[in-house]
Peer 1: 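Here it is, the structure, as structure tokens.
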Amino acid sequence: NAGVTQTPKFQVLKTGQSMTLQCAQDMNHEYMSWYRQDPGMGLRLIHYSVGAGITDQGEVPNGYNVSRSTTEDFPLRLLSAAPSQTSVYFCASTPDGGAYTEAFFGQGTRLTVV
Amino acid sequence: AQSVTQLDSQVPVFEEAPVELRCNYSSSVSVYLFWYVQYPNQGLQLLLKYLSGSTLVKGINGFEAEFNKSQTSFHLRKPSVHISDTAEYFCAVRNAGNNRKLIWGLGTSLAVNP
């Protein structure tokens, strides 16, 4: 039972480079989200999606793009990496109703921008 | 607007001592409440949740939490901690119903010392 899978686990980028953080879930959850975690700042929501074809901004969306072409995948794109985007990124998915109401998290991607 | 306050950013405690991690929230509607744990260099996993019913909720690893509606609190407790409980603990709230967006506290770092 894979749950939420994030790749890569670690990445170093140079300022100005672009990259995509991958997130896939096999639980058929409609709701998916991306967070960044920085020391002393907890989890901050970057973007989220309530279903395939529907995305919306969270509290810190600048510098990031998302798309949701399938229920399973929710990639996060950094268009032009900046040192301020050095962080740990988490993807999460949440079921629609039913007995489970909690978010399920991936293991995270640790990104360093130099 | 909803908010979550974790009253202690760091809690040092000796092994086998009791511990309480405090969480207060503000919301004008019915909520679901969650505690997540993050072990070093890992993703977040659900510790316990309150949806409705009994205000005392038991979770994994011997943790429990009590929902107090009048105090708008959801404090986490363990009667006797172990070294392995050293981790970051996050309190989160979301509206009861279909809105699955989570509001997070900033986290409490629990350090269990021998």
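Note: hydrogens, waters and symmetry copies are ignored here, and every other heavy atom, side chains too, is used. Note that the structure is a prediction, hence the values are computed from the model and not measured.
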Peer 1: Applying the 4.5 Å side-chain criterion to the ILVMFWY set and letting contacts propagate, would Leu21(B) and Trp104(B) be lumped into a single cluster?
Peer 2: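 No; Trp104(B) is not reachable from Leu21(B) via cluster members.
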Peer 1: Do Leu110(B) and Val4(B) share a hydrophobic cluster (ILVMFWY, side-chain heavy atoms under 4.5 Å, transitive)?
Peer 2: yes
Peer 1: As an exercise, state the distance from CD of Gln38(B) to CD of Gln37(A), rounded to the nearest 0.5 Å.
Peer 2: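 These two atoms lie 4.0 Å from each other.
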Peer 1: With clusters defined by side-chain heavy atoms of hydrophobic residues (ILVMFWY) lying less than 4.5 Å apart, directly or transitively, does Phe90(B) cluster with Leu51(B)?
Peer 2: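 Linked within one cluster.
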Peer 1: Which bit of Leu46(B) comes within less than 4.5 Å of chain A, counting heavy atoms only: side chain, backbone, both or neither?
Peer 2: side chain
Peer 1: Heavy atoms only, distances under 4.5 angstrom: which of Gln45(B), Glu88(B), Lys101(B), Gln42(B) has the most pairs with chain A? Name it, please.
Peer 2: Lys101(B)
Peer 1: If you measure from CD1 on Ile103(B) to CD on Glu59(A), what distance do you get to the nearest 0.5 Å?
Peer 2: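 If we round to the nearest 0.5 Å, Ile103(B):CD1 and Glu59(A):CD are 7.5 Å apart.
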Peer 1: What residue in Ser33(A), Ala103(A), Gly58(A) has the most heavy-atom pairs under 4.5 Å with chain B?
Peer 2: Ala103(A)
Peer 1: When you look at Arg94(B) and Thr94(A), which way does the side-chain contact (heavy atoms from CB on, under 4.5 Å) test go after all the steps?
Peer 2: CA-CA 12 Å; Arg94(B) 56 168 271 207; Thr94(A) 307; 4.0 Å; yes
Peer 1: side-chain contact (heavy atoms from CB on, under 4.5 Å), that's the test. Do Leu102(B) and Leu45(A) meet it? Break it down for me.
Peer 2: CA-CA 9 Å; Leu102(B) 283 163; Leu45(A) 182 65; over 6 Å; no
Peer 1: Compare every heavy atom of Leu44(B) with every heavy atom of Phe105(A), then report the nearest pair and how far apart it is.
Peer 2: CB-O, 3.5 Å
Peer 1: Determine, using the 4.5 Å side-chain heavy-atom cutoff (strictly less than), whether Ile46(A) and Tyr48(A) are members of one ILVMFWY cluster.
Peer 2: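 Shared cluster, no.
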Peer 1: Using heavy-atom distances under 4.5 Å, tell me whether Phe90(A) contacts chain B through its side chain, its backbone, both, or neither.
Peer 2: side chain
Peer 1: Does any backbone or side-chain atom of Arg110(A) lie under 4.5 Å from a heavy atom of chain B? Answer side chain, backbone, both or neither.
Peer 2: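 Arg110(A) touches chain B through side-chain heavy atoms alone.
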Peer 1: Supply the atom-to-atom distance Leu47(B) CG to Glu102(A) CD, rounded to the nearest 0.5 angstrom.
Peer 2: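 So the gap between those two atoms works out to 11.5 Å.
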Peer 1: Nearest 0.5 Å, what's the CG-OH distance between Leu43(A) and Tyr36(B)?
Peer 2: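 Result: 10.0 Å between the selected atoms.
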Peer 1: Is it true that Ile83(B) and Ile60(B) fall in one hydrophobic cluster, defined by side-chain heavy atoms closer than 4.5 Å?
Peer 2: yes
Peer 1: Would you mind checking which part of Gln6(B) comes under 4.5 Å of any heavy atom in chain A, side chain (CB onward), backbone (N, CA, C, O), both or neither?
Peer 2: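 Gln6(B) has no heavy atom closer than 4.5 Å to chain A.
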